[in-house]
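To start, the structure under review is shown below, and the notes come after it.
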Amino acid sequence: MARILVIDDDEYICKSLQRILEKDGYEVKLAEDGEAGLDMVSKEIPDLIIIDIVMPVKEGIETINVLLKKYPGIKIIAMSGGGQRLDARQYLDLAYKFGVRATIKKPYERGEILELVKKVLES
Amino acid sequence: MNNLNLQDTMNKRILIVDDNRDFTDSLVEIFEQRKYAIAFAYDAENGIKINNSFNAQVALIDIRLGKVSGIDLVAELKKIHPDIICIIMTAYVSTETVIEAMQQGAYDYLCKPFNTYDLLATIDRCFDKVYLENEKIKLQAQLLQSHKLETIGSLAGGIAHDFNNILTSIANNAEIVKDDVPNDSTAQECLNDILDVCRNAKNIINQILTFGRQMESVHKPIILYDLIKDVLKLTKSIMPGNISIKECIDVRLIKITGDPARIFQVILNLFTNACQAMEEKGGTIEIGLQEKVFNSETVIENTTIPKGKYAVFNVRDSGVGIGTESLIHIFDPFYTTKQTGKGTGLGLSVANGIVKDHNGYIIAASEIGKGTTFTVYLPSLN
């Protein structure tokens, strides 16, 4: 089954996403920010990365850019609930410009994220 | 301050208190001819009584009002109407009386006998003061309001971010638990309710955000260079190493009026486009900011710009360039030359819309192999 890395500084998002995805049979690993995420990818490249945008240490857009440079073609879904500077849609448009496969706005429902994960993995 | 005298004199209320009836009547005539609103009394007691309903902005008070001193009346009036401007009229000018009158709150004095010219000049000065005080109060209120709105706007964004995370976790966990709970149980009903309220909360957050955005879209003076610096800071970490930036800023302090968040979006969009155009080859992005004055209507690249003073912002890349055919459609929604996954084709049409909303113009010029320049003209506040 596909291996998915979730990168989000919100512990509860990580845990709930892990439960949802594992229930559907995916193998899930978690990272609390971009730096930790890049570190984990360098050890084992996952089939899909789901990444938040507004994060401390190394934020999402920067991490996405590094990931796509180092691992061209790697599948990434960006997620965001917005921030102080831009709203969710604006952050996600920016992520899309930098080459992620798909984006999802928080809050999402289980059905939505599972469908998106399936679609991106099959693409 | 002649322009201030153009205000409608009907709104200018003067109280006259003098025990010399003939003199008072002649003052009343002078002011009524000039359409001032007038109330008068021949003694202090009636002066106070009348002014309770008349509420004059300016009072002309004789220094001697029978038993009562005009200076005492000034003090009394000031107690009831702190904003009233009092002028003491006196035939006996001594430093002492003037000092005393001023100490009691009089604004100025007139020496009897005075001519109409001096009288009107003094009154004009008083109403100029009233006008400026009112303006000050209005501006203070506006400033406070705009600070409040700004706070609401940025709070809304911060709250939305945190709440969206919280809601995602609540809803997702409830959905997971639902799998393990029998269909017709109370627990299942409770979980459905949790999911329902999460959806309600999501709508509320969207409403707060919309409200916040409306608040933010209150236009205010912006130093354009500050926004450019913000964009450069945000994108610094994601700039490929083979791209360098050259700043050609002539006017660091040039101001425009607008919505900072939306203008930020325009700069960000033009800048990320430039980065993408040079992604493979690398090169230099030139960012310029100047002031331009058009003394008459000016046509640039088929766009007619009305005369006026403009803050001119441009982003020039040394990338692959855009062909004439593509350039014609560049601001059309969903038009993109980028490969799938690299752009929605909406960015430039949104940027164009924002610039238009700010009474500005955005112009694209390009040469294949040499690069593209986007120039934004926004009416300058300077």
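In what follows, every chain begins at residue 1, and chains take the letters A, B, ... in the order their sequences are listed. Model, not experiment: these values are computed from the prediction.
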State whether the side chain of [X] and the backbone N or O of [Y] hold a donor-acceptor pair below 3.5 Å, judged by distance alone.
X        : Y        : value
A/Lys75  : A/Ser123 : yes
B/Asn173 : B/Ser169 : yes
B/Ser366 : B/Gly371 : yes

Check: What part of B/Leu268 lies closer than 4.5 angstrom to a heavy atom of chain A: side chain, backbone, both or neither?
Finding: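 For B/Leu268, side-chain heavy atoms alone lie under 4.5 Å from chain A.
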
Item checked: Enclosure of A/Lys23 NZ (heavy-atom neighbours >12, cutoff 6.0 Å) ->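 Enclosed.
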
Item checked: Residue A/Glu22 excluded, over 12 heavy atoms near CD under 6.0 Å -> yes

Next item on the list: For the pair A/Arg110 and A/Ser16, evaluate side-chain hydrogen bond (donor to acceptor under 3.5 Å, both in side chains) and give the outcome as yes or no after the intermediate values.
Entry: CA-CA 10 Å; A/Arg110 174 162 67 164; A/Ser16 59; over 6 Å; no

Next item on the list: Could you please state which residues from residues 27-51 of chain A sit under 4.5 angstrom from chain B, measuring non-hydrogen atom to non-hydrogen atom, sorted by number, or 'none'?
Entry: none

